[in-house]
Amino acid sequence: MGLPSDPEALDRLHERLLGWFAEHRRELPWRGSEDEDPYALLVREIMLQQTRMSTALPYYERWLERWPGVEDLAEASEEEVLDAWQGLGYYNRARWLLRTARKIRDEHGGEVPRRLSQLEQLPGVGPYTAAAIASMAFDKPAPAVDGNMARVGARVEGIEGEVTSDKLKREVRTRLGPVFERGRAGRLNEALMELGSLVCTPVDPACEVCPLSPVCTAYQGARVDELGIDRSTPDLSTHAVTALILARNGQVLVHRRDPDGLLGGLWGPPVIEHGDTPPATLAPDLPFAVEVDETEPIGRVEHTFSHKRWQVRALAAEPREEVVTGEAWQWVDPADVDVPTSALDDRVLGLLDG
DNA sequence: TTCCGGGTTT
DNA sequence: AAACCCGGAA
């Protein structure tokens with residue numbers, strides 16, 4: 001079982017996959033356009049990391065309007081880039097994309113590099129994204145193993161292990177290599193990812209309509225439920241957090257977070273993770289004295305990150321001494337914030353309207 | 001309210 | 001192996 005090794009059988013399978021894709025692929029704004037701008041593809045693939053199509057789409061379109069080419073983006077500031085990324089999540093991707101644009105300008109003459117090894121050297125471009133760009137923009141025979149394709153590959157080839165692990169993805173890449181050598185690698189990647197998304201689903205896959213079922217190890221061995229499964233169970237611990245709302249003349253004080261931490265580099269009301277510690281003892285964390293009104297919270301917001309959950313209680317507070325504004329602190333209009341913020345910050349600031 | 005999906009970096 | 005976000009479905 002598994003992919004055939006005979007070139008002619010492989011060609012037939014290749015043909016069947018592309019035929020399936022031609023018939024079932026979802027229409028997307030960029031699909032169907034020949035020789036697409038590799039930069040646009042790069043932007044899109046990075047935005048689509050960990051992000052749904054429907055969420056990323058408006059960001060993608062605004063992005064290309066604002067920075068139509070690599071050189072335009074290379075000129076942007078981190079502040080502008082974070083602002084355009086606002087709400088998309090995983091904000092390091094925005095910084096990496098900016099660094100990538102600058103690297104392409106400085107080291108590749110402004111052209112997205114064509115070789116897999118060069119692509120993988122770009123910040124934010126890992127094995128998946130490099131292969132996606134190399135295959136779709138430059139027709140290189142590189143399997144782009146995302147979560148969907150890892151599942152398809154694990155089932156077809158009967159590969160045991162965590163479907164999310166690097167080890168399994170590497171194995172899938174190796175095993176699927178030969179079929180990519182038959183050509184049309186970009187289209188083949190799209191086909192396999194689409195197949196994983198629409199047919200070879202984690203639960204109750206539609207094996208009866210799958211073009212790969214005749215060669216699928218999992219299907220033929222009745223092991224579809226065992227292979228291509230993600231059994232990891234990361235614990236989402238919950239943390240009590242206090243956000244301080246300091247208001248003055250209709251404006252609210254926001255703080256620029258440390259670039260390396262959670263929501264790094266984004267602005268928002270100061271928040272402190274404190275477990276059960278009362279917020280009065282938290283004031284020393286701020287560079288100025290405050291008086292916190294603990295009698296009645298302005299509101300509560302729950303926010304889930306990849307690895308933890310915050311239960312945020314927003315308390316009104318007043319500064320007791322001069323607040324020095326600048327790189328780290330700013331007064332903003334909560335209805336019209338002009339610094340980059342996250343979805344969490346937007347919701348906390350939204351408590352003030354509603 | 002909980003569950004779930006989705007790549008790269010360190 | 002852990003850190004990093006958000007929103008849509010169940």
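Since this is a predicted model, take the numbers as computed values, not measurements. Below, chain A is the first sequence line, B the second, and so on; all start at residue 1.
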>> Within the 4.0 Å heavy-atom criterion, would you say T129(A) contacts the bases, only the backbone, or no part of the nucleic acid?
In response: sugar-phosphate
> Ignoring hydrogens and angles, does a donor from either the side chain of Q49(A) or the base of dG6(B) sit under 3.5 Å from an acceptor on the other?
Replying inline: no
> Using a cut-off of 4.0 Å on non-hydrogen atoms, how would the nucleic acid contact of R52(A) be classed: base, sugar-phosphate, or nothing?
Replying inline: base
> What is the distance from CG of L122(A) to C1' of dT9(B), rounded to the nearest Å?
Replying inline: 14 Å
> To the nearest angstrom, how far is R309(A) atom CZ from dC3(B) atom C1'?
Replying inline: 10 Å
>> Any salt bridge linking R257(A) with D345(A)? Criterion: basic side-chain nitrogen under 4.0 Å from a carboxylate oxygen.
In response: yes
> Out of dC4(C), dG7(B), dG8(C), which nucleotide sits closest to the side chain of S306(A)?
Replying inline: dC4(C)
>> Tell me whether the NZ or CZ atom of R256(A) lies within the 45° cone about the ring axis of W329(A) and under 6.0 Å from its centre.
In response: no
> To the nearest angstrom, how far is D166(A) atom CG from dT8(B) atom P?
Replying inline: 9 Å
> Does the gap between the ring centers of W30(A) and Y60(A) come in under 6.0 Å?
Replying inline: yes
> If you check every side-chain atom of H307(A), which of dA3(C), dC6(C), dT8(B) has the closest atom?
Replying inline: dA3(C)
>> What I want to check is whether the side chains of D346(A) and T341(A) have a donor and an acceptor closer together than 3.5 Å.
In response: yes
> Which whole-number value in Å describes the distance from W310(A) CH2 to dT1(B) P?
Replying inline: 19 Å
>> For dG6(B) and N148(A) - does any side-chain N or O of the residue sit under 4.0 Å from the phosphate oxygens OP1/OP2?
In response: yes
> In whole Å, what is the span from the CD atom of E273(A) to the P atom of dA3(C)?
Replying inline: 11 Å
>> Is it the case that the side chains of E45(A) and Y128(A) hold a donor-acceptor pair, with the cut-off being a distance below 3.5 Å and no angle test?
In response: yes
> Of the candidate nucleotides dC5(C), dT2(B), dC6(C), which contains the atom at the shortest distance from the side chain of E302(A)?
Replying inline: dT2(B)
> Whole-Å distance between dG6(B) C1' and M149(A) CE?
Replying inline: 16 Å
> Nearest-Å distance, CG (L236(A)) to P (dC4(C))?
Replying inline: 13 Å
> Under 4.0 angstrom, heavy atoms only, what part of the nucleic acid is L266(A) near: base, sugar-phosphate, or nothing?
Replying inline: nothing
> Which heavy-atom pair separates I245(A) from A314(A) by the least distance, and what is that distance?
Replying inline: CG1-CB, 4.1 Å
>> I want to check one thing: is the phosphate of dC6(C), taken as OP1 and OP2, less than 4.0 Å away from some side-chain N or O of H303(A)?
In response: yes
> Starting at the 5' end of DNA chain B and moving along, which residue's nearest nucleotide shows up first, G147(A) or T304(A)?
Replying inline: T304(A)
> Can you tell which of dG6(B), dC6(C), dT9(B) lies closest to the side chain of W96(A)?
Replying inline: dT9(B)
>> The side chain of Y91(A) is closest to which nucleotide in this list: dG5(B), dC6(C), dG7(B)?
In response: dC6(C)
> dT9(B) C1' sits how many Å from Y90(A) OH, rounded?
Replying inline: 12 Å
> Does S54(A) or G89(A) map to a spot on DNA chain C nearer the 5' end, using the closest nucleotide for each?
Replying inline: G89(A)
> For G196(A), which contact category applies under a 4.0 Å heavy-atom criterion: base, sugar-phosphate, or nothing?
Replying inline: nothing
> Which nucleotide sits closest to the side chain of Y128(A): dG7(C), dC4(C), dT8(B)?
Replying inline: dT8(B)
> Which part of the nucleic acid, if any, lies within contact of I46(A), taking any heavy atom under 4.0 Å across all strands shown: a base, the sugar-phosphate backbone alone, or nothing?
Replying inline: nothing
